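Keep in mind it's a predicted model, so treat the numbers as computed, not measured. Throughout, a chain's letter reflects where its sequence line sits, starting with A, and its residues are numbered from 1.
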Amino acid sequence: MQSNYIIAQVIVDQNSHQTDRIFDYIIPAHLQQDICKGMRVVVPFGKGNKRLEAYILNIDKKKIDGSRYKEIIEAIDYEAILSEEQIKMILWMKNKYLCKYIEAIHCLIPTGIVQKERKMINLIDQNWRTRIAPSQNKQRAILEVLEAQGGGTQPLENLEKEVNFKEIYSTIKNLAAEKIIEIQYDLSSRIKVKTEEYAELKVSHEAVEGVLLQLKGAKKQAEILNFLKDMGRYQTTAMLKELKTTRGPLKAVVEKGFVELMEEEIHRDPFANSEVTSFPKLNPTPEQQQVIDEISFALQENKPETYLIHGITGSGKTEIYLRLIEEVISQGKQGIVLVPEISLTPQTVERFRGRFGEGIALLHSSLSEGERYDEWRRISEGKVNIVIGARSAVFAPLKNLGIIIIDEEHEYTYKSEQNPKYHAAEIAAYRSTHEGAVVILGSATPSLESYYKTEVGTVHLMTLKKRPQQSKLPKVEVVDMKRELEEGNQGILSRRLMTLVNENLKNKKQTILFLNRRGFSTFVSCKGCGHVVKCQHCDISMTLHMPQNHLKCHYCGERQFSPSVCPECGSETIKFMGAGTQRLEKMIEELFPTAKIGRMDVDSTSQKGSHAKILGSFRRGEIDILIGTQMISKGLDFPNVTLVGIISVDATLNLPDFRGAEKTFQLITQVAGRAGRGMEEGLVILQTLDPNHYSIRTASRHDYGDFYKEEIMIRREFEYPPFTNLISINFSGKKENEVAAYAEKMANMIKYVLQGKGCIKINDVLLGPNESVISRINQRYRFQIILKDQHTDFSLLKGIAKYFFIQHREKYVPKSIAVSIDTNPYNMM
DNA sequence: AGCACGCCGACT
DNA sequence: GTCGGCGTGCTC
């Protein structure tokens, strides 16, 4: 029976491939007033009519057979939370990134506003014992649990935990049919404050010895007490992992009263308690003023232009951003400022807060769901004019967007590693053209892609060549470590660097030492048989971590005690090779016993507030030498730092990735830029095994132009981005042979299609399949195919990937294999 | 995802 | 015979 209905076309909030399509629901007459396009609604879904949240993408009148459709249950919102423009963007994203609808939607709307269905069970017939046959064991068990818990309404999960069988679902349903129990649905908000559990020692340090004697043989309990004595308050799960134990021993020491556990709200917000210091307005230099004027003009004209501000480190890009934001606000518009990672760029964020105070929303990774939602609401209700945040802030729902600023544009953190694998600059460009906003890309070392765009004219280039306040760029000295070795120095510090560090200590100046490897040694190998200790889940060599004497896998986090004999041949010639920040720290301690040393890497900053703590004491001069990884390369501005030592960049340089040289150049420039920020000229010592490499030579001269010329030539030669677009298709699975065979099969199928489309030089277009650079992660073997759009059309390649792995996934992708597609990947590994 | 259906082996 | 385990398929 066909008749006319009002139909809502919705996307259900269920992240799976099978449900990644539009579903039609009838809007019942009584809801037609309340429901419009862009709203969220509750719909019954699937056989069990599970209640799901759904997003309405379209509303239509249709002639359909009403009996084959379900009705919308209720509206969640009072008005649309997705604008017409945003719905278009979701469709665009799905096609561009080959992601699911719901994944695109969740970029725009924070999750977890309404709880997914929760079944609540209510016992209504107290006299059930007379009605249930004695043989119905399951039914009885469930009812007994309900009764034991004092009647009332119980969530289904509680019952599942209490009874010792699965499949309680049908039993529940039967009981409900008998009207002995009642099933209710709870859709209440589940926004909770995120908490973490901490353990704290309850006895004094002196008393610990006595307590340990009292514990006698309880080894694990003693370990816990010692650990807490050394480390202070500690997050329990992290501690238990560290000590390789479980809750048992912990519970024992808690019951004996030696340790206390406490729940604490996760609130790593680095700005929650910091007072806002107003930052003096600097007078722009003529160079800066010119940039400000030109961009202000575009802002007034509402032109969707993109500017690349290429300014050497310390050239005052932040001041330009501040002025442009002022301009935008004075026009009644709003702005987004993206930074690579909020906790690593506190100084930039503070300057914005100092200038604009309360009208700012901060979006960062450690907000709880609730806090994120609150900020999101504030933004969408127009209560803020400026949003500062990392990558995802580019989606901030500002209604009158005037400008999007992407600071440190070249940073890899702007590319999402999860679906949808977008780059913040791509989203910014899209919003720019659709909302009439100006995009500003800022960097001392622009990405090749962006700089190339200024050459072909789609992006305007603005160059800042001077540092204001007379400070000069630091001098960079390259030290050839091969020669150092030939001359008998086997250490990781060159003689030159040692001398300079010593001098700096005498002169009460501060030093930064940069090493891109954390841990103690970078790999463990046996001199006898050459065996290298690798993680048992991943194809990654394990890194030694002290003082726990653990080997750690930096990919999956697996730990084991470091072996004293070779696990392969049993000889005792096991060696710890390569140096990480921990070993560097130890060496520096030995070389300069009077120096105060700080270390900053993922391991030393895992506890909350430790970032700010280390940087604070460095600023106050309580640390002479700061050792760190990538983390110290960004945005730090300490005037008393005159020496920067770059221990090695060879690992980055030799990355199996066409961006290796670019990443190296960026790294050197960013790290070197930490020196000589004050009045005195800075000096950078750059140690390398390959001093003649062009990215080392050009970086040491601060010559981006020459680096660019050299690198762009190579990219053109080998047809790499920006001259081509890449799609990387990654396959993974538990069985190596199966994944390899599947990758081979799919490569052949793609080749066949390419051939059919008249594609020439197919072996240049499809690379692989190859084992991924990291061939195994978490017990899954990985293979890769790369598609490159030379001699062919990018949309054809995307179309092929979409056909096999998205649209006809069921047919072409077996359940045992996971496929992940990345268009224009940043990381080739 | 998560539920229902359906097929097959173990047990009253 | 029947219960319950898991493989397969569908969700407006």
Specify the residue among A:Arg68 and A:Lys47 whose closest nucleotide of DNA chain C lies further upstream toward the 5′ end. A:Lys47
What is the distance, to the nearest angstrom, from the [atom1] atom on [X] to the [atom2] atom on [N]?
X	N	atom1	atom2	result
A:Tyr25	C:dT11	OH	P	11 Å
A:Asp20	C:dC10	CG	P	17 Å
A:Ile72	C:dT11	CD1	P	18 Å
A:Gln18	B:dA1	CD	C1'	8 Å
A:Ile73	C:dC12	CD1	P	11 Å
A:Lys815	B:dA1	NZ	C1'	12 Å
A:Asn49	C:dC10	CG	P	18 Å
A:Arg51	C:dC12	CZ	P	15 Å

Under 3.5 Å, is there a donor-acceptor pair linking the side chains of A:Ser772 and A:Ser775? no
Can you check ring-ring contact (aromatic ring centres under 6.0 Å, His included) on A:Phe23 and A:Phe45, steps first, answer last? CA-CA 10 Å; A:Phe23 288 94; A:Phe45 191 76; 5.1 Å; yes
Any side-chain heavy atom of A:Ile73 sitting closer than 4.5 Å to one from A:Val41? no
In this structure, which stretches of DNA chain B are paired as stems of three or more consecutive Watson-Crick or G-U pairs, both distances less than 3.5 Å? B:1-11 with C:1-11
Among C:dC12, B:dC3, B:dA1, which nucleotide has an atom closest to any side-chain atom of A:Ser16? B:dA1
Closest non-hydrogen atom pair, A:Ile72 against A:Leu31: O-CD1, 3.6 Å
Within a radius of less than 6.0 Å around CD of A:Gln418, do more than 12 heavy atoms belonging to other residues, nucleotides or ligands occur? no
A cation-pi test, strictly: NZ or CZ of A:Lys94 under 6.0 Å from the centre of the six-membered ring of A:Tyr101 and no more than 45 degrees from its axis. Yes or no? yes
